[in-house]
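Data block below; observations after.
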Amino acid sequence: MLAALAGAQWIRPGDLLKAQPKTSTGTTRVKIDAEQIVSRVNPMIFGQFIEHLGRCIYGGIYEEGSPLSDAQGFRKDVLEAVRRLNPPVIRWPGGNFASSYHWEDGVGPKDQRPARFDTAWFARESNRFGTDEFVEYCRRANAEPYLCINLGTGTIQEAANWVEYCNSSGDTHYANLRRKHGHAQPHNVKYWGLGNEVYGIWQAGHKSAEDYAKMALEAGKLMKWIDPSIRLIACGATPEWNTTVLGVLGPIVDFISVHFYAAGDDYYDLLASVNRAEELLKLTDSAIEVWDARRRAARPVGNIGFPTVDKRVEIAFDEWNIWYRRRDGRDRAVSNKIEEPYNLRDALWTASMIHLFQRWGDKVTMANLAQLVNVIAPIITSGKGLYLQPTFFPLELYRRESGNRVLHAWSDGPAYTYRQYGKIPYLDVCATKDDRGRLSIGVVNRDKERTHRVDFELAAIAPRSSGKIFTIDGPSVDAMNSFEKPDVVAVSSREHNGFGARFSYEFPAHSISLLQMSP
């Protein structure tokens with residue numbers, strides 16, 4: 001994970017020029033065509049990520065001996081909250097941690113597992129939570145496991161052995177070792193990351209694009225010789241890196257990754273940074289296009305012992321979040337910068353990032369919020385319980401209520417001027433429909449102070465007058481939840497009678513709304 005304050009794609013205070021909010025006047029006009037599909041949304045964009053950092057694993061999802069945990073050590077209250085998010089995929093063990101993690105340390109009887117020094121986060125790692133515990137947790141959360149191999153200090157044989165341990169049904173050493181550890185049936189792990197941020201000096205065993213691509217190709221070959229059905233994610237970075245890596249790994253990988261972290265105390269700065277995330281997608285997409293042109297030209301790649309990937313490489317946006325803010329919105333210094341105190345503004349940003357992934361749904365087919373519990377997370381725990389941060393609620397709401405097809409939504413209305421990106425609309429609108437034809441219109445009102453009226457015009461759908469409106473808001477953009485006050489920011493819902501082919505609605509300042517109507 002996490003670029004350790006130095007890597008991935010990182011937006012810091014001052015990296016972006018200051019926004020210049022202007023007075024909001026007039027009404028926004030929105031036209032939605034229910035027959036014009038922009039993209040088909042893969043539910044995998046609602047994935048999550050856990051890493052051995054701080055209290056994400058130990059004291060987060062896993063706390064042996066706690067009265068809040070079950071017999072296996074899983075926190076029952078946390079698992080209940082995770083099930084509300086319903087993540088389709090969870091990535092593990094990292095992150096930076098993956099680049100010095102040796103998976104055999106984390107299997108077998110827990111009391112016999114070696115404790116190691118973790119060179120990623122300079123901490124003691126007990127290895128009491130390992131592969132089998134992770135897979136079991138994913139199954140309980142109804143999520144697919146996504147394992148990231150060690151291409152920093154690890155070997156290609158170690159990676160292949162991990163696939164054998166997890167997925168083989170044969171009578172071989174590592175498959176039998178899994179059986180010995182009490183797992184008769186294969187884990188059938190489908191998603192495998194070929195290393196994490198290997199381009200970065202902060203990474204154990206970091207490499208050039210050429211060296212990474214050579215090693216990742218050999219690891220991927222061995223892994224697919226064990227199980228040809230697995231899907232591989234290449235480590236992505238700059239356009240130059242991606243072009244080099246795809247030129248080598250293109251025949252065997254299904255995805256290339258993007259990482260992005262935003263930061264800053266300025267309200268409008270942060271909300272505009274979603275545009276930077278889209279720029280990264282465009283740059284990654286361009287590198288994929290270069291490789292895809294080669295693939296379609298049917299240039300031979302040689303016989304590598306299994307069917308190569310004969311389709312366009314997809315994008316896995318497998319680390320994204322806000323990290324870190326220097327203050328918590330109330331001018332109080334943050335004492336622990338990895339346990340980020342999120343406020344309503346951060347929830348607005350999160351909803352806009354979901355909108356971005358939805359619009360890019362044909363190309364961004366996986367995304368993983370970093371991270372799930374305690375560490376820059378939507379869920380915060382103590383020894384006595386937990387509370388949900390404001391960023392939890394858009395993740396839960398959009399996962400549960402959004403449709404799987406994004407519709408063309410044209411909008412014209414008030415905006416603020418941002419010198420790096422020009423005009424930024426105050427309202428971020430994304431419309432989806434599901435297989436039943438139900439229409440859901442997500443609207444983020446970025447305006448810090450003002451309600452905004454929208455006049456909607458719908459085409460190719462005649463919705464019922466009655467429907468439902470979900471709203472996420474709070475008393476101010478700085479509003480936060482806490483153990484003492486866990487419900488300052490939450491989701492409210494109400495029935496609404498007033499929808500139609502043409503209708504108007506006023507969206508509260510600094511709010512997220514989801515308007516839902518049926519044909």
Go through the steps to decide whether W360 and F317 satisfy the test ring-ring contact (aromatic ring centres under 6.0 Å, His included), and finish with yes or no.
CA-CA 11 Å; W360 277 74; F317 212 119; 9.6 Å; no

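- R464 CZ: 12 or fewer foreign heavy atoms inside a 6.0 Å radius.
- Annotation: ring pair (Phe, Tyr, Trp, His ring centres under 6.0 Å) contacts of Y191 (sequence neighbours excluded): none.
- At distances below 3.5 Å, not a single donor-acceptor pair connects side-chain atoms of D428 with backbone N or O atoms of H355.
- For the pair N343 (side chain) and A479 (backbone), a donor-acceptor distance under 3.5 Å is absent.
- Remark: the backbone N or O of F392 is not paired with any side-chain donor or acceptor of T350 at under 3.5 angstrom.
- In this structure a side-chain-to-backbone donor-acceptor pair under 3.5 Å is present from Q389 to A377.
- At a cut-off of 3.5 Å, with distance as the only test, a side-chain donor of S504 or R453 sits close to an acceptor on the other residue.
- Under a 4.0 Å N-O distance rule, the pair R231/E144 does not qualify as a salt bridge.
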Begin from the C-alpha positions of Y398 and I512 and carry the test side-chain contact (heavy atoms from CB on, under 4.5 Å) through to its verdict.
CA-CA 11 Å; Y398 279 85; I512 303 162; 3.9 Å; yes

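- Side chain of R345 to backbone of L271: no donor-acceptor contact under 3.5 angstrom is found.
- Checked against the 6.0 Å centroid criterion, the rings of W320 and F357 qualify as a close aromatic pair.
- Looking at D285, its side chain never comes within 3.5 Å of a backbone N or O of I288 through a donor-acceptor pair.
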Yes or no on salt bridge (Lys or Arg N to Asp or Glu O under 4.0 Å) for R276 and E279, after CA distance, side-chain angles and deciding distance?
CA-CA 5 Å; R276 174 57 180 160; E279 282 189 353; 3.1 Å; yes

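- At distances below 3.5 Å, at least one donor-acceptor pair connects side-chain atoms of W241 with backbone N or O atoms of C235.
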Worked check of side-chain contact (heavy atoms from CB on, under 4.5 Å) between V82 and Y137
CA-CA 10 Å; V82 172; Y137 194 80; 3.6 Å; yes

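- Atom CG of D455 is surrounded by more than 12 heavy atoms from other residues, nucleotides or ligands within 6.0 Å.
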Pair W291, R312 - check side-chain contact (heavy atoms from CB on, under 4.5 Å), show working.
CA-CA 9 Å; W291 158 249; R312 196 180 191 280; over 6 Å; no

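- Between R83 and E80 no salt bridge is recorded (no basic side-chain N to carboxylate O distance below 4.0 Å).
- A donor-acceptor pair under 3.5 Å is absent between the side-chain atoms of S513 and the main chain of T471, judged by distance alone.
- With sequence neighbours excluded, the residues that form a side chain to side chain contact (heavy atoms under 4.5 Å, CB included) with R494 are I469, H496, Y505.
- Taking the side chain to side chain contact (heavy atoms under 4.5 Å, CB included) definition, one finds that S440 meets it with T432, L514, Q516, sequence neighbours left out.
- Remark: F456 engages F503 in a ring pair (Phe, Tyr, Trp, His ring centres under 6.0 Å) (not counting sequence neighbours).
- Looking at Y268, its side chain does come within 3.5 Å of a backbone N or O of K448 through a donor-acceptor pair.
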When you look at T451 and F507, which way does the side-chain contact (heavy atoms from CB on, under 4.5 Å) test go after all the steps?
CA-CA 5 Å; T451 296; F507 294 91; 5.7 Å; no

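- For the residue pair N445 and H510, no side-chain donor N or O sits within less than 3.5 Å of a side-chain acceptor on the partner.
- Using modelled atom types and a 3.5 Å distance limit, the side chains of Y387 and E484 yield no donor-acceptor pair.
- The salt bridge (charged side-chain N to carboxylate O under 4.0 Å, His left out) test applied to D310 returns R295, not counting sequence neighbours.
- Residue pairs satisfying the salt bridge (Lys or Arg N to Asp or Glu O under 4.0 Å) criterion with at least one member in residues 504-517, sequence neighbours excluded, are absent.
- For Y418 and N275, the side-chain atoms include no donor-acceptor pair closer than 3.5 Å.
- Not a single donor-acceptor pair under 3.5 Å links the side chain of N368 to the backbone N or O of G47.
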